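See below for the structure under consideration.
Please read these numbers as outputs of a predicted model, since none were measured by experiment.
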Amino acid sequence: PKRGQVFIRVKGSGWEAVEVGGDAAAKFSHVLPRVTDDFEYYFRLGDAKSARRQVTVVRPPRIVEGRVKLEYPGYTRLKNQTVDTLNLKVPEGTLLGWRLTLDREVESAEMRPEGAEPRAMTLNSDGRQAELQLPAEASRPYTISFRWRLADRQYVEPGAKHYIQVIPDADPQVGLLRPGEDAKATLKKTIQLSYWARDDYGLGEAWVAYSVNDLGERRHPLGPLGGQTSAEKEFSWPITQLLPTLKLNDIVTFAVEVADGRPGTPGRGRSIARRVQFISDGEYIAYVLARQRKVLGQLRPLYLQEREAAGRLEAIGKSSDNIVQQAALEAA
């Protein structure tokens, strides 16, 4: 016959017939573009019927359990943990340890980070468990591919895409609370300093960084902050004792600097800088009086506005009293 039929039955369903045509050599064929389940089939050509055949669909290896151990850098003071997701968000420097359990044996496993060299994973004796340990260095997508065998052929399963997000360790933050502005002082001055500082994982050392007339910066230690994530400190800085050679008209510029506990090269943060100019006693008295006049000048308009508002309220009160008295008389 010029035409025939192929009968197909997918596992768990009934038979379906599909028309097939023969070629010049009397060969009949049918293509299934994609199969996902086991099935049976046979051909019927005229009154002839072929033997029934069984096709078993073998699926690629898949991960049935994926766990990643997270070993955080010691200075972060975070507790190590194991997570059951392959999409990771970790601090910079975290050591990642993958342990994957597969549903079938594979010949090899490989992690393929985007933009970096692939890394071979270690398989156990039955080829169904893959392990790898790497430090978290950069944010990037990655896949885990498996090489497996079916009959006499090898196949590579590329695997799904996952993502590692590495959170850089931000530098600590610090701000000056006092003094709140640049100032002038005599050579007897002791500067009252107060500051706040904070860091994601813990604060290390603190210093006053200062220079005289912008010539060469030096540091005065303020002591360790004990790994706190936030701190607020105040202290007296006897600057003229620290710098006995200070003279009139010298300007000292200073800021508070703090470091975090990151090993190697710690992150540092610095506050806004303030300036103190040293002047004579007479100049200092004139400076203080000028500041007082400035403050009084700023307060006077507020005082006048308050007095005017009080007068208006008093007038409104008197008007209200008159209205009440008039109403009372009319009622009587």
Do [X] side-chain atoms and [Y] backbone N/O form a donor-acceptor pair below 3.5 Å?
{"X": "D171", "Y": "G269", "result": "no"}
{"X": "R104", "Y": "P61", "result": "no"}
{"X": "R77", "Y": "G202", "result": "no"}
{"X": "D199", "Y": "L203", "result": "no"}
{"X": "T101", "Y": "V64", "result": "no"}
{"X": "S271", "Y": "V256", "result": "yes"}
{"X": "D281", "Y": "I285", "result": "no"}
{"X": "N213", "Y": "I251", "result": "yes"}

Is [Y] reachable from [X] through a run of hydrophobic residues whose side-chain heavy atoms are each under 4.5 Å from the next?
{"X": "L177", "Y": "F254", "value": "no"}
{"X": "I279", "Y": "L187", "value": "no"}
{"X": "W15", "Y": "V6", "value": "no"}
{"X": "V35", "Y": "F43", "value": "yes"}
{"X": "F28", "Y": "L32", "value": "yes"}

Out of curiosity, [X] [atom1] to [Y] [atom2], how far, rounded to the nearest 0.5 Å?
{"X": "L100", "Y": "I144", "atom1": "CG", "atom2": "CD1", "result": "4.5 Å"}
{"X": "S50", "Y": "Y41", "atom1": "OG", "atom2": "OH", "result": "7.5 Å"}
{"X": "Y210", "Y": "R219", "atom1": "OH", "atom2": "CZ", "result": "11.0 Å"}
{"X": "L123", "Y": "L132", "atom1": "CG", "atom2": "CG", "result": "11.0 Å"}
{"X": "E110", "Y": "Y142", "atom1": "CD", "atom2": "OH", "result": "14.5 Å"}
{"X": "L102", "Y": "R128", "atom1": "CG", "atom2": "CZ", "result": "8.0 Å"}

Answer whether the closest heavy-atom distance between the side chains of [X] and [Y] falls below 4.5 Å.
{"X": "R99", "Y": "Q129", "answer": "yes"}
{"X": "V208", "Y": "L222", "answer": "yes"}
{"X": "W207", "Y": "R268", "answer": "yes"}
{"X": "V68", "Y": "T85", "answer": "no"}
{"X": "L86", "Y": "I63", "answer": "yes"}
{"X": "S145", "Y": "R112", "answer": "yes"}
{"X": "P60", "Y": "W148", "answer": "yes"}
{"X": "E19", "Y": "Q5", "answer": "yes"}

Inset, instruction - Give a yes or no on whether E16 atom CD has more than 12 heavy-atom contacts from other residues, nucleotides or ligands under 6.0 Å away. - result: no
Legend entry - Residue E234 excluded, over 12 heavy atoms near CD under 6.0 Å: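 Open.
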List the atom of [X], the atom of [Y], and the distance in Å for their closest heavy-atom pair.
{"X": "A136", "Y": "V90", "answer": "CB-CG2, 3.7 Å"}
{"X": "A209", "Y": "R270", "answer": "CB-NH2, 3.5 Å"}
{"X": "H220", "Y": "W237", "answer": "CD2-NE1, 3.7 Å"}
{"X": "Y195", "Y": "A206", "answer": "OH-CB, 3.6 Å"}
{"X": "R52", "Y": "R9", "answer": "NH1-NH2, 4.1 Å"}
{"X": "V18", "Y": "H30", "answer": "CG1-CE1, 3.6 Å"}

Can I get a per-line list of side-chain donor-acceptor pairs under 3.5 Å for residues 150-170, giving both atom names and the distance, sequence neighbours left out?
residue	atom	partner	partner atom	Å
Q154	NE2	E107	OE1	2.4
D169	OD2	Y75	OH	2.7
D169	OD2	R262	NE	3.3

Inset, instruction - Establish, for the pair K189 and F278, whether the NZ or CZ atom is under 6.0 angstrom from the six-membered ring centre and no further than 45 degrees off its axis. - result: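 Not flagged: K189 not positioned over aromatic ring of F278.
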Legend entry - Residue pairs, two or more places apart or on separate chains, that pass salt bridge (Lys or Arg N to Asp or Glu O under 4.0 Å) and touch residues 55-69: D37-R59, R62-D103, K69-E71
Inset, instruction - Show your reasoning for whether side-chain contact (heavy atoms from CB on, under 4.5 Å) applies to E257 and V174. - result: CA-CA 7 Å; E257 185 175 286; V174 58; over 6 Å; no
Legend entry - Short side-chain donor-acceptor distance under 3.5 Å, R198 and Q173: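 There is such a pair (donor and acceptor under 3.5 Å, judged by atom type) between the side chains of Q173 and R198.
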Inset, instruction - Verify side-chain contact (heavy atoms from CB on, under 4.5 Å) between L242 and R218, making sure each step is shown before the conclusion. - result: CA-CA 11 Å; L242 185 67; R218 287 173 277 183; over 6 Å; no
Inset, instruction - Test side-chain contact (heavy atoms from CB on, under 4.5 Å) on K188 and T240 and set out the steps. - result: CA-CA 7 Å; K188 303 171 185 176; T240 53; 5.9 Å; no
Inset, instruction - Using the six-membered ring wherever Trp is involved, compare the ring planes of Y287 and Y284 and label them parallel, tilted or perpendicular (cut-offs 30° and 60°). - result: tilted
